[in-house]
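A quick note: this is a predicted structure, and the numbers were derived from the prediction, not measured. Each residue takes its place number in the sequence, starting with 1.
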Amino acid sequence: MSGRKLSSKKKILRFTTLLLFCLAASQFVACATGTSFTSKAADEPASTQTGTKISGAAAKVIDVTNYYKRQAINSPRPGGGMAIFATENFVGSSRCAVCHELLTDKRGTDMSISGHWRSTMMANAAKDPLWQAKVSSEVKRNPALQKVIEEKCATCHVPMAWTQAYKEGEEQLLLGAGFLSPRNDLHAAAMDGVSCSLCHQIRDEHLGQTKGFSGKFVIDTSKKGVEREIFGPYEKPLQEVMQKGVGYTPEYGSHTNDSALCATCHTLFTPFVDAQGTVAGEFPEQVAYLEWKHSDYGVDFGQRYDIGENPGKGMICQECHMPHSEGGGVYIARWTPPKAEPKDHFSQHHFVGGNVFMLNILQENIASLGLAASTEKFEDTKERTMRQLQRATAQLSMAGLQHSHNELSAVLQVNNIAGHKFPTGIPTRRTWIHLTVTDADGQVVFESGTPLADGRIVGNDADYDIMSFEPHYDTITEPDQVQIYEGVMLNTDNEVTYTLLRAAKFAKDNRLLPKGFNKSAVPPEIGVFGKAVSDENFLGGADQVTYSINTSGHKGPYTVTARLLFTAVSYPFVKDLEKDRELPEVSRFMQMYRYADKLPQEIQAIETIVQ
């Protein structure tokens with residue numbers, strides 16, 4: 001004050017400020033060392049920690065996540081018509097939509113099967129521009145294996161065309177004059193993606209077994225006309241309407257309410273080659289079903305229950321990704337005979353996952369990609385996807401917090417509440433922690449995992465050199481260390497690779513494990529790799545990571561903010577793909593990627609104040 005006295009007004013203001021500070025301080029939770037903190041955290045209080053990790057069990061829990069809100073559609077665009085075709089074994093989705101569109105439950109909520117399905121990644125499996133680009137890139141890099149690559153990819157992305165061509169003894173190729181060419185006789189069947197008359201014709205053979213993985217589903221192509229069976233989850237279905245309308249006979253199939261049905265394509269092993277191009281083994285590209293089997297959510301093989309029933313143990317894929325109508329009372333077709341009864345347990349065909357990034361690209365390119373869904377339908381699917389990400393994948397909490405002698409220690413816990421690893425599927429996906437500490441003046445003391453608009457993560461080695469990768473951490477002390485949960489592939493020369501046909505093993509797989517998953521007792525195809533193996537805080541259902549931060553030169557109180565972020569397509573994966581930009585499919589995708597929203601999705605955010 002330079003010797004000057006405070007005016008009465010300033011004295012009152014100073015006293016009021018001090019009084020408010022004292023009142024606020026009295027609300028803080030006292031720590032064992034005398035340091036106090038409040039916490040805005042996830043849904044459950046963290047367990048007590050010992051030593052330097054202060055318990056957060058008494059802290060009030062408040063969610064500060066920026067939850068997704070449906071965006072206004074400024075330039076609505078309609079989708080094209082649904083597929084019109086008929087082969088000896090399959091029909092286009094437009095035929096099914098005649099009866100299975102404009103459905104509601106007894107609350108009036110839209111239950112339209114085709115309306116929900118048409119804007120999903122399943123419906124657009126063949127039109128996905130990233131998938132087409134990746135197939136063409138893999139063929140260019142492994143030309144001797146073109147037939148193997150294209151047949152493997154066609155099996156699950158254009159399954160109707162593949163199955164029909166196989167039955168007729170034709171080649172099952174994608175590129176050139178293959179299924180992706182409009183001149184191909186099976187082009188319409190191919191571009192209908194994973195459609196109605198494919199999934200519902202899969203028979204109950206080899207499901208959930210090695211013999212049925214990697215697209216080895218069984219469809220009886222010898223049957224013709226009404227001999228063709230279409231399977232559903234309801235017993236004693238009325239048959240005459242469908243027999244006359246589309247030439248299939250509906251039958252009850254208990255396997256339609258079994259995760260093993262999904263496993264035919266979502267358990268995928270791909271061949272890999274060495275540097276000389278010789279096939280040297282198989283790589284578990286995506287094994288969500290096997291991850292689920294080794295979790296508390298898994299249901300014993302062969303143990304099935306009807307739709308609407310759950311014995312209390314486990315949860316099948318359909319219950320999360322095809323959630324039941326809450327209102328019930330659904331007539332499953334627009335025109336039903338007098339004998340038809342409404343269904344209280346009806347699986348909505350949402351096929352909801354986590355790929356908001358590609359849904360955005362599809363929504364922005366409806367006309368050029370020839371998609372059947374409108375911008376509004378894609379917005380619906382994006383909203384469901386964000387709801388899934390933010391409510392059914394992972395939870396973030398503060399397990400401990402301490403500040404003493406200019407050393408701030410924060411223990412974050414990430415719980416996996418999904419029924420498989422998170423993220424799961426093809427190893428292009430990653431989730432990570434963005435942690436920020438600011439001082440009393442709002443200045444940043446420490447920041448790790450900052451997302452950039454171009455898709456990079458500040459501090460992530462792989463985003464600056466795609467031949468490197470960020471290791472798993474138990475303790476983080478520097479801003480350029482980032483806890484990223486991901487799979488990183490190695491080739492036969494122990495080099496990082498993004499070429500699927502060169503992927504021989506994982507250098508790192510610290511994707512969050514589902515509850516009940518024992519990392520020391522599972523088969524290698526779903527194992528943990530890298531430093532997470534020896535991390536005693538990385539266990540089935542959760543991971544804990546400690547941030548040790550020097551606060552010298554700053555004054556408290558300090559605000560600790562942690563955000564759990566996710567993206568379906570990583571920056572280094574795209575940069576590797578861009579090497580083949582002379583290919584038309586890659587060039588097209590890179591143009592779409594250039595204008596795409598590359599910022600991550602926020603799963604959850606928590607905030608804590610420490611003195």
Side-chain angles (χ1 to χ4, degrees), residues 96-97 99-118 120 122-123 194-204 207-208 229-239 241-242 248-263 266 289 292 296-353 380-381 383-385 387-388 391-392 417-419:
C96 306
C99 286
H100 297 292
E101 182 72 358
L102 302 178
L103 311 180
T104 61
D105 63 14
K106 61 186 177 185
R107 295 180 182 175
T109 306
D110 181 23
M111 293 289 124
S112 301
I113 295 175
S114 55
H116 289 167
W117 166 83
R118 65 170 67 188
T120 65
M122 295 275 279
V194 185
S195 190
C196 323
S197 61
L198 183 283
C199 287
H200 287 278
Q201 282 197 85
I202 294 177
R203 306 187 70 80
D204 191 4
L207 299 180
E229 298 157 306
I230 205 96
F231 299 101
Y234 303 112
E235 296 186 20
K236 300 178 181 179
L238 300 175
Q239 298 178 328
V241 173
M242 188 171 283
Y248 291 97
T249 297
E251 297 284 359
Y252 168 64
S254 63
H255 60 292
T256 59
N257 202 53
D258 188 341
S259 294
L261 177 65
C262 311
H266 291 284
Y289 175 77
W292 170 82
D296 283 353
Y297 296 88
V299 177
D300 292 338
F301 179 76
Q303 179 183 338
R304 291 175 178 161
Y305 46 87
D306 283 340
I307 188 170
E309 299 177 353
N310 189 312
K313 179 185 180 300
M315 181 175 289
I316 62 174
C317 306
Q318 290 89 332
E319 289 175 280
C320 282
H321 299 280
M322 301 178 67
H324 288 180
S325 156
E326 294 182 2
V330 180
Y331 284 97
I332 64 173
R334 291 170 66 185
W335 296 287
T336 55
K339 295 180 181 179
E341 295 181 356
K343 310 299 182 184
D344 284 333
H345 299 287
F346 175 79
S347 293
Q348 300 174 87
H349 286 53
H350 291 172
F351 299 110
V352 62
D380 290 341
T381 296
E383 188 175 18
R384 296 182 195 114
T385 302
R387 191 183 306 128
Q388 181 91 343
R391 299 179 184 179
I417 57 174

Close side-chain approach of [X] and [Y], heavy atoms under 4.5 Å:
X: S325; Y: K106; answer: no
X: H100; Y: S112; answer: no
X: I332; Y: Y234; answer: yes
X: M322; Y: F351; answer: yes
X: H255; Y: R203; answer: no
X: Y289; Y: H266; answer: no
X: L207; Y: I202; answer: yes
X: S259; Y: V299; answer: no

[Y] backbone acceptor or donor facing [X] side chain under 3.5 Å:
X: Q201; Y: S197; answer: yes
X: D344; Y: G329; answer: yes
X: Q348; Y: H324; answer: yes
X: W292; Y: I316; answer: no
X: Q239; Y: P250; answer: yes
X: E101; Y: G115; answer: yes
X: Y297; Y: C317; answer: no
X: H116; Y: S114; answer: no
X: N257; Y: Y305; answer: yes

Hey, can you tell me if H200 and H349 have their rings parallel, tilted or perpendicular (30° and 60° cut-offs)? parallel
Considering all heavy atoms, the nearest [X]-[Y] contact:
X: V194; Y: W117; answer: O-NE1, 3.0 Å
X: L103; Y: D110; answer: O-OD1, 3.3 Å
X: R304; Y: D258; answer: NE-OD2, 2.6 Å

Verify side-chain contact (heavy atoms from CB on, under 4.5 Å) between Y331 and M111, making sure each step is shown before the conclusion. CA-CA 9 Å; Y331 284 97; M111 293 289 124; over 6 Å; no
Give me each pair satisfying salt bridge (charged side-chain N to carboxylate O under 4.0 Å, His left out) with a member in residues 329-339, each pair once, sequence neighbours excluded. none
Sorted by chain and number, sequence neighbours left out, side-chain hydrogen bond (donor to acceptor under 3.5 Å, both in side chains) with S195 holds for D192
Interatomic distance, T381 atom OG1 to H350 atom NE2 [nearest 0.5 angstrom]: 7.5 Å
Results of salt bridge (charged side-chain N to carboxylate O under 4.0 Å, His left out) for E326 - residues two or more places apart only: R107
